[in-house]
Amino acid sequence: MKRVGVFVCHCGTNIASVVDVKRVAEAARSFPGVVFATDYQYMCSDPGQELIRKTIKEQRLNRVVVASCTPRLHEPTFRKTLESAGLNPYLLEMANIREQCAWVHAKDKEGATIKAIELVRVAVAKACLNAPLKPSTIPITKRALVIGAGIAGMQAALDIADAGYEVVLLDREPTIGGNMVKLDKTFPTLDCSA
Amino acid sequence: MSVNQEASRWEPKIIAFCCHWCAYAGADLAGLNRLSYPANVRIIRVPCSGRVNPQFVLRAFQRGADGVLVAG
Amino acid sequence: MVAAAQHPQIQVITYAEVEQVAGYVGNFQVTIRKKARMVDATKCTGCGTCWEKCPTKVDSEFDLGLGKRKAIYIPFPQAVPAVPVIDKEHCRQFTKGKCGVCQKVCPTKAIDYEQQDEVVTESFGAIVVATGYELFPWEQVYGEYGYGRYPDVITGMHFERMNSASGPTGGKIVRPSDGKEPKTVVFIKCVGSRDEAKGKSYCSRACCMYTAKHAHQVLEKIPGAQAIVFYMDVRTPGKAYEEFYSRTVHEGAVYVRGRVSRIYQEGDKLIVCGEDTLLGRQVTVAADLVVLATAMVPSRGWEELAKMLGLATDKDGFFQEAHPKLRPVETYTAGVFIAGACQGPKDIPDTVAQASGAAVKVCQLLSKDEMATDPMISTVDENLCSGCGLCQPVCPYKAIDMKTITERVAGKTVARRVASVNMGLCQGCGSCTVVCRSGALNLRGFTNEQILAEVDAACL
């Protein structure tokens with residue numbers, strides 16, 4: 001059984017001054033799978049996240065939709081919120097009702113509200129099909145290869161080596177230095193290049 | 001020529017598949033700069049425009065979309 | 001240079017090329033071919049007796065043919081390492097089968113004519129590509145400058161070698177044809193750059209500044225000399241750059257805005273015909289030396305390297321960064337970073353900055369013992385996979401391999417091929433899912449079912 005919770009963010013007045021957030025939450029309650037929907041001033045704030053955590057426990061939510069800013073901004077934030085509430089972070093879905101709705105339709109409040117409702121519907125539909133995902137880990141060999149030993153390669157090799165890692169600096173020519181060592185003085189300071 | 005009132009109020013429904021890394025970010029940027037465009041576009045985020053299966057486009061038309069934009 | 005060679009954490013391998021790269025971020029296996037130097041580096045002390053006594057002289061590549069080197073040589077006196085190599089194409093031991101002078105004179109018995117290439121495979125967590133640039137081959141297309149026929153029409157790099165105190169002329173600016181000091185030196189900018197007809201469309205970025213430096217060096221080193229610069233624009237965006245250019249102009253360099261239409265030899269002079277577009281009239285200069293500011297192009301071999309590492313390149317062969325502003329040293333291949341002119345023409349300050357940036361990205365990666373992979377990657381349903389392999393060439397990250405699985409069918413064990421996604425390489429773009437006819441490939445987090453559900457919900 002999917003139990004989706006929808007959290008609509010005002011983002012202060014950023015969203016709420018254009019989109020009728022109460023209407024969005026109200027509409028969300030009728031979408032398939034949604035068992036809870038509410039709105040709050042700043043969903044990303046501590047009390048906002050606490051609201052999500054509390055509701056996950058109280059309503060036994062297993063999917064969360066946050067309608068707020070772009071996922072490019074706060075997806076990591078809300079994934080952590082889910083994780084801290086004991087839910088797999090990938091059960092989160094976001095509806096972008098700020099950058100791609102409120103901010104671009106400021107003069108069309110009715111249109112923006114309808115669009116916000118539809119964006120939430122889309123996010124809920126996707127969230128219902130979200131599956132818990134687990135990142136796996138891969139080991140890391142602590143050595144670096146630098147291909148090309150000109151000024152760029154030498155600088156990179158030195159910086160990596162100074163940080164304590166082993167570096168192999170490779171060049172196809174018999175010497176390191178690249179084009180740089182062919183140069184005489186270099187602009188703008190006219191110091192030597194070797 | 002008389003303009004049909006109904007027809008002039010008709011708004012097409014457009015589904016836009018936007019690549020997370022570029023077009024979707026561009027749509028965010030439009031918001032950031034407070035540009036304005038009609039509210040009849042629905043953006044669906046994909047990880048890459050290469051993710052857009054022709055089947056998705058067909059399905060959108062099948063379900064009544066009037067236009068489909070693939071941007072990436 | 002010496003700092004890099006002497007650093008205890010840096011192993012310098014020269015005269016070697018990358019042959020193959022396997023693996024993925026954190027776990028690259030790189031096959032390196034160490035070309036045979038014919039000199040045992042563990043015995044050689046760099047004393048120089050061999051190249052002093054070597055009887056064969058050839059043009060030095062390092063000095064672009066302005067000077068000579070021996071068949072056993074180090075490219076320049078301060079080379080690192082100071083271990084010579086034998087040029088098998090010219091060495092008499094290899095061409096005629098007899099000589100052996102270097103072997104006889106070597107005090108440490110380091111010369112080994114039987115030495116073979118050594119191929120090693122080593123593991124790395126990260127790779128920095130810093131393969132740099134070479135100069136646009138202007139001789140092939142610029143007939144108006146003589147197709148390289150005139151010895152006194154040279155490139156900026158030749159000019160650098162002449163200016164170098166350890167170069168072929170000991171730092172004296174001379175005409176390659178007769179060794180005389182030039183009195184009138186013409187510089188031509190944008191040779192091969194900003195020229196869509198014959199060269200590249202891009203601006204090569206460093207030329208305006210090095211030409212200003214060259215003009216300054218002419219005026220400084222040759223009393224009474226004239227430096228005339230033909231230019232399209234003067235571009236000096238950099239700290240203290242405009243000031244440097246102004247200084248050169250105040251020192252007496254003459255800047256003429258216009259292109260050169262023709263150069264021809266008359267007596268021992270090079271007649272340079274061009275146009276001054278600001279004054280709207282023809283200009284003819286009788287020059288002693290012409291220096292071309294040739295465009296930077298990617299260093300040869302970029303295509304092979306791009307293929308090996310799965311790097312994208314732009315239309316001119318420069319490696320493509322993951323994002324032009326926000327991810328300038330990363331590539332689309334996780335764990336592979338780019339620095340310097342292999343990404344695009346640039347000058348030394350920018351190169352150093354970018355190299356340090358790439359180094360930080362490498363350190364970021366190496367500072368962890370293991371890394372978490374994004375779980376939103378492609379997966380294969382082996383029951384559905386027909387093993388057609390269509391997904392393999394589509395993957396921009398070379399993350400799909402074919403593997404053989406065995407299963408029991410009707411009491412018999414059968415083997416069949418299926419696609420297999422490498423978690424370290426897959427970046428989750430989902431291109432493979434689109435070509436998969438059997439629907440065996442799906443992208444976690446953006447599954448076909450999820451996206452279709454979104455489409456349906458959006459179209460209600």
Side-chain angles (χ1 to χ4, degrees), chain A residues 90 118 121-122 124-126 128-131 133-161 163-190 193-194, chain C residues 1 3-4 7 9-18 26-27 30 75 78-80 85 123-132 157 160-161 163-164 209-210 213 240-241 244 339-340 348 351-352 355-356 358-359 362-363 366 368 370-373 375 423-424 444 449-450 453-454 457-458:
Chain A
Y90 294 91
E118 292 193 12
R121 190 170 66 205
V122 169
V124 168
K126 186 178 182 201
C128 284
L129 295 172
N130 278 17
L133 302 177
K134 262 209 168 59
S136 51
T137 55
I138 47 175
I140 289 171
T141 313
K142 291 174 178 282
R143 280 177 100 216
L145 169 68
V146 177
I147 306 172
I151 177 80
M154 288 193 295
Q155 181 70 42
L158 279 171
D159 286 349
I160 298 166
Y165 302 109
E166 213 182 296
V167 182
V168 169
L169 178 59
L170 184 94
D171 204 288
R172 66 181 168 203
E173 298 301 327
T175 177
I176 59 171
N179 278 314
M180 194 259 321
V181 288
K182 294 181 185 166
L183 308 181
D184 181 38
K185 293 168 177 171
T186 54
F187 64 81
T189 46
L190 293 181
S193 64
Chain C
M1 207 165 91
H7 200 294
Q9 295 281 76
I10 300 179
Q11 184 195 350
V12 172
I13 305 179
T14 57
Y15 213 47
E17 296 198 42
V18 174
N27 303 276
V30 183
Q78 294 79 27
V80 177
V85 296
S123 302
F124 299 99
I127 298 175
V128 177
V129 180
T131 47
M157 196 56 98
E160 291 285 349
R161 290 314 301 145
N163 261 298
S164 169
M209 285 303 292
Y210 75 64
K213 179 192 75 177
Y241 283 16
F244 185 93
I348 293 173
T351 297
V352 171
S356 288
V362 169
C363 292
L366 299 188
K368 299 175 206 141
E370 50 182 27
M371 66 182 278
T373 54
M423 291 184 316
R444 288 194 192 124
E449 298 73 27
Q450 282 177 306
E454 286 184 279

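Because the structure is predicted, anything quoted here is derived from the model rather than measured. Only this structure's heavy atoms are used, side chains among them; waters, hydrogens and symmetry mates stay out. Every chain is numbered from 1 and lettered A, B, ... according to where its sequence line falls, protein lines coming before strand lines.
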Candidate pair A:L170 and C:V30, rule side-chain contact (heavy atoms from CB on, under 4.5 Å), full reasoning: CA-CA 12 Å; A:L170 184 94; C:V30 183; over 6 Å; no
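- When all heavy atoms of C:A457 and A:V122 are compared, the pair lying nearest together is CB-CA, 3.7 Å.
- With rounding to the nearest 0.5 angstrom, the NZ atom of C:K213 is 10.0 Å from the OG1 atom of A:T189.
- No other option in C:Q78, C:Q11, C:M423 has as many heavy-atom pairs under 4.5 Å with chain A as C:Q11.
- Ranked by non-hydrogen atom pairs under 4.5 Å with chain C, the options A:L129, A:D159, A:I147 are led by A:I147.
- Between chain A and the residues C:A4, C:G340, C:A16, C:P75, the largest count of heavy-atom pairs under 4.5 Å involves C:A16.
- Nearest heavy-atom pair across A:M180 and C:I348 is CG-CD1, 4.4 Å.
- The shortest side-chain heavy-atom distance between C:T14 and A:T175 does not fall under the 4.5 Å cut-off.
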With a cut-off of 3.5 Å and sequence neighbours excluded, list every side-chain donor-acceptor pair involving residues 133-140 of chain A.
residue	atom	partner	partner atom	Å
A:S136	OG	C:T373	OG1	3.0

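- With a 4.5 Å cut-off on non-hydrogen atoms, C:V80 touches chain A through its backbone and its side chain both.
- Contacts of A:Y90 with chain C are made by side-chain atoms alone, with heavy-atom separations under 4.5 Å and no backbone atom involved.
- Inter-residue side-chain proximity for A:N130 and C:Q450 is flagged as met; some heavy-atom pair is nearer than 4.5 Å.
- Counting heavy-atom pairs closer than 4.5 Å to chain C, the top-ranked of the candidates A:K142, A:Q155, A:E118 is A:K142.
- Distance check, rounded to the nearest 0.5 Å: CE of A:M154 to OG1 of C:T351 gives 11.0 Å.
- Put simply, the side chain of C:M157 reaches to within 4.5 Å of the side chain of A:N179, judged on heavy atoms.
- Each of C:R444, C:E449, C:R161 has some count of heavy-atom pairs under 4.5 Å with chain A, and the biggest count is that of C:R161.
- Taking OH of C:Y15 as the reference point, atom CD of A:E173 lies at 8.5 Å (rounded to 0.5 Å).
- Residues C:A453 and A:A125 approach most closely at O-CB, 3.7 Å, considering heavy atoms.
- For C:V18, the parts sitting under 4.5 Å from any heavy atom of chain A are the backbone and the side chain alike.
- In this structure, no portion of C:A358 lies under 4.5 Å from any heavy atom of chain A.
- For the atom pair CZ (A:R143) and CD (C:Q9), the distance works out to 10.5 Å, reported to the nearest 0.5 Å.
- Ranked by heavy-atom pairs under 4.5 Å with chain C, the first of A:L190, A:L169, A:V146, A:V124 is A:L169.
- Looking at C:V362, the atoms closer than 4.5 Å to chain A (heavy atoms on both sides) all sit in the side chain, from C-beta outward.
- Counting heavy-atom pairs closer than 4.5 Å to chain C, the top residue among A:G148, A:A131, A:G150, A:A149 is A:G148.
- Among the candidates C:A79, C:C363, C:A339, C:A240, the residue making the largest number of heavy-atom pairs closer than 4.5 Å to chain A is C:C363.
- Taking CD1 of A:I176 as the reference point, atom CD1 of C:I13 lies at 12.5 Å (rounded to 0.5 Å).
- The minimum heavy-atom distance between A:T141 and C:F124, with the atom names listed, is CB-C, 3.8 Å.
- For the pair C:M209 and A:P188, the tightest heavy-atom approach, listed with the atom from each and the gap, is CE-CB, 4.5 Å.
- When the salt bridge (Lys or Arg N to Asp or Glu O under 4.0 Å) test is applied to C:E454, no partner is found at least two apart in sequence or on another chain.
- A:A161 and C:H7 get closest at one heavy-atom pair: CB-CE1, 3.5 Å.
- The greatest number of non-hydrogen atom pairs below 4.5 Å with chain A, out of C:A3, C:S123, C:A458, is found for C:S123.
- Ring geometry, C:Y241 versus A:F187: the interplanar angle exceeds 60°, so the pair is classed perpendicular (tilted spans 30 to 60°).
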